Asks: 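One structure follows; several queries about it will come next.
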Amino acid sequence: MDLSTIIVASVLGTMAALVAMIVTLFLCYLYWKKLGHKMTARDELEPLQFGKAPPSVGQNEEVKELTRHNVEDRCSQGHLRLIPSLTSQPISIWENGKENSGATMQGPISFLQYLLPTVEQEEAADLANAMTEPDEPAGQIQFSLEYNFPNSTLVLKIIQASNLPAKDIIGTSDPYVKVFLLPDKKHKLETKVKHRTLNPRWNETFYFEGFPLYKLQKSILYLQVFDYDRFSRDDPIGDVYLPLSQVDLTQKPIFWKSIKPAEDSKLGEILVTLLYIPRTSELTITLIKARNLKSKDINGSSDPYVKVWLHRGDKKVEKKKTQVHRQTLNPVFNNTFQFIVPWEHIRETYLSVAVMDFDTVGRNELIGKVILSSRSGPTESKHWCDMLTKARTAVSQWHRLKTL
């Protein structure tokens, strides 16, 4: 083989190697770009995926941050369906009643990121709401705190309560107190029951041993006042929250705290199905049935029916209602109503579901109500969240009626 042939072969081999290297680099660039798009899409969806909160810890473990009461009321994991016709419309964010013109959100994914609060925001909001002073307290409770520094022991004394509401038919109550040191809700302490009084005196002392001061700074004293019933479930009277980070334990403080009234848990429940189809802007609600409704008539029964109002902001837009079901506390409705709600109005829209008792003579009475929206209570917000993240899928859930 002569020298010229060798030179030509070397040049061709070098060119082939360069071409192969360029092709390889180009393919790597395409793969990297595609991977970047996937990561971006995943990051946009992640704020809409919620999981269960970590379990509460015992006294021998390091106290974690406070978790909200009903951790099962979190939105289940789900993925949004992209709607091409909506992704090109920017949505302005409104804060404190003023438009933030500097921030816009593109498409339904970013919109829902703003619409659905984060776990930390909801927990902080719930805790702040629970610790606010009630406008109409269910009485007051007196207790004292003391900290034994050498033994790392918190000493709590439940002294007395005053002006409690009457829960029994004879106009009195049989009150007692449950004591928790949150976030631990597995371990509770209880006072004795004081019978037939609205101004009980307990003077009982409880000890929380093995709690270093840094743990107490992350804990919340939680008192629940109940009315004891011998033959049925005890009635909640109200509760008190006290973050120990706000307490100077070197001063042996004594507190008089207003008791926040407990929500009425005996109004009954209603089973509701929600369905939203973004393409047609159809919001469908199906009222399936109710159970254990509170009786409103003298015969121990009720004549229930349901009114559904579609609200947009503070304005009532449209009303639907079911037929009246006579003399029953467990009616089966099976009524479906449809409303037209464009996607751009879904943020300010909510449904008011009111279970009423029909009266032939006199005004119809409210048994209980549920507000379904992204900013309602935890179970209601979860239901609304599931409806939006599972488009074109009917989602059913039981809701406890409240006196809103």
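Source: prediction; values computed, not measured.
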Asks: Show your working on salt bridge (charged side-chain N to carboxylate O under 4.0 Å, His left out) between E380 and K402 and close with a plain yes or no.
Replies: CA-CA 12 Å; E380 295 87 352; K402 302 177 182 180; 3.4 Å; yes
Asks: Decide yes or no on side chain to side chain contact (heavy atoms under 4.5 Å, CB included) for L221 and L145, but give the supporting numbers first.
Replies: CA-CA 10 Å; L221 180 65; L145 288 172; 4.2 Å; yes
Asks: What do you reckon, are the aromatic ring centroids of Y147 and F149 less than 6.0 Å apart?
Replies: yes
Asks: Does a side-chain heavy-atom distance below 4.5 Å link P304 with V324?
Replies: no
Asks: In Å, rounded to the nearest 0.5 Å, how long is the span from OG of S302 to CG of L329?
Replies: 5.5 Å
Asks: Hey, does the Lys NZ or Arg CZ of R279 hover above the aromatic six-ring of W343, less than 6.0 Å from the centre and inside 45° of the axis?
Replies: no
Asks: Measure the OH-CG distance between Y228 and D174 for me, rounded to the nearest 0.5 Å.
Replies: 8.5 Å
Asks: A side-chain contact here means heavy atoms from C-beta on lying under 4.5 Å apart; do P212 and L216 qualify?
Replies: no
Asks: Is there a salt bridge (charged side-chain N to carboxylate O under 4.0 Å, His left out) between K382 and D386? Walk through the geometry before answering.
Replies: CA-CA 6 Å; K382 176 186 180 299; D386 289 343; 2.9 Å; yes
Asks: Thinking salt bridges, do E318 and K320 make one under a 4.0 Å N-O criterion?
Replies: yes
Asks: If you draw the axis of the six-membered ring of F143, does the NZ or CZ of K157 fall within 45° of it and under 6.0 Å from the ring centre?
Replies: no
Asks: Below 4.0 angstrom, N of the basic side chain to O of the carboxylate: do E282 and R392 qualify?
Replies: no
Asks: To the nearest 0.5 Å, what is the distance between CD1 on I259 and CD on Q224?
Replies: 11.5 Å
Asks: Quick check on the 6.0 Å ring-centre criterion: do Y305 and H325 meet it?
Replies: no
Asks: Yes or no on side chain to side chain contact (heavy atoms under 4.5 Å, CB included) for F208 and S219, after CA distance, side-chain angles and deciding distance?
Replies: CA-CA 12 Å; F208 297 88; S219 301; over 6 Å; no
Asks: Test T273 against T286 for side-chain hydrogen bond (donor to acceptor under 3.5 Å, both in side chains), laying out the working first.
Replies: CA-CA 5 Å; T273 296; T286 301; 5.3 Å; no
Asks: With side-chain hydrogen bond (donor to acceptor under 3.5 Å, both in side chains) as the criterion, how do T250 and D248 come out once you've worked through the C-alpha distance, each side chain's angles and the decisive distance to 0.1 Å?
Replies: CA-CA 5 Å; T250 64; D248 184 0; 2.6 Å; yes
Asks: Could you grab the distance from atom CZ of R326 to atom CD of Q323, nearest 0.5 Å is fine?
Replies: 11.0 Å
Asks: Might you work through the side chain to side chain contact (heavy atoms under 4.5 Å, CB included) test for V179 and K188, ending with a clear yes or no?
Replies: CA-CA 6 Å; V179 180; K188 68 177 183 293; over 6 Å; no
Asks: Kindly indicate whether the side chain of E269, heavy atoms from C-beta on, has any atom under 4.5 Å from the side chain of H399.
Replies: no
Asks: Would T205 and L156 count as a side chain to side chain contact (heavy atoms under 4.5 Å, CB included) here? Give the steps.
Replies: CA-CA 6 Å; T205 303; L156 166 68; over 6 Å; no
Asks: For salt bridge (charged side-chain N to carboxylate O under 4.0 Å, His left out), just list the numbers for E146 and K252, CA-CA rounded to whole Å, side-chain angles, deciding distance to a tenth of an Å, and then say yes or no.
Replies: CA-CA 5 Å; E146 181 180 351; K252 301 180 181 180; 3.6 Å; yes
Asks: Would you give the length of the straight line joining atom CD of Q338 to atom OG1 of T280, rounded to the nearest 0.5 angstrom?
Replies: 8.0 Å
Asks: How about NZ on K178, more than 12 heavy atoms from neighbouring residues, nucleotides or ligands closer than 6.0 Å, or not?
Replies: yes
Asks: Return yes when atom CZ of R196 has more than 12 non-hydrogen atoms of other residues, nucleotides or ligands closer than 6.0 Å, and no otherwise.
Replies: no
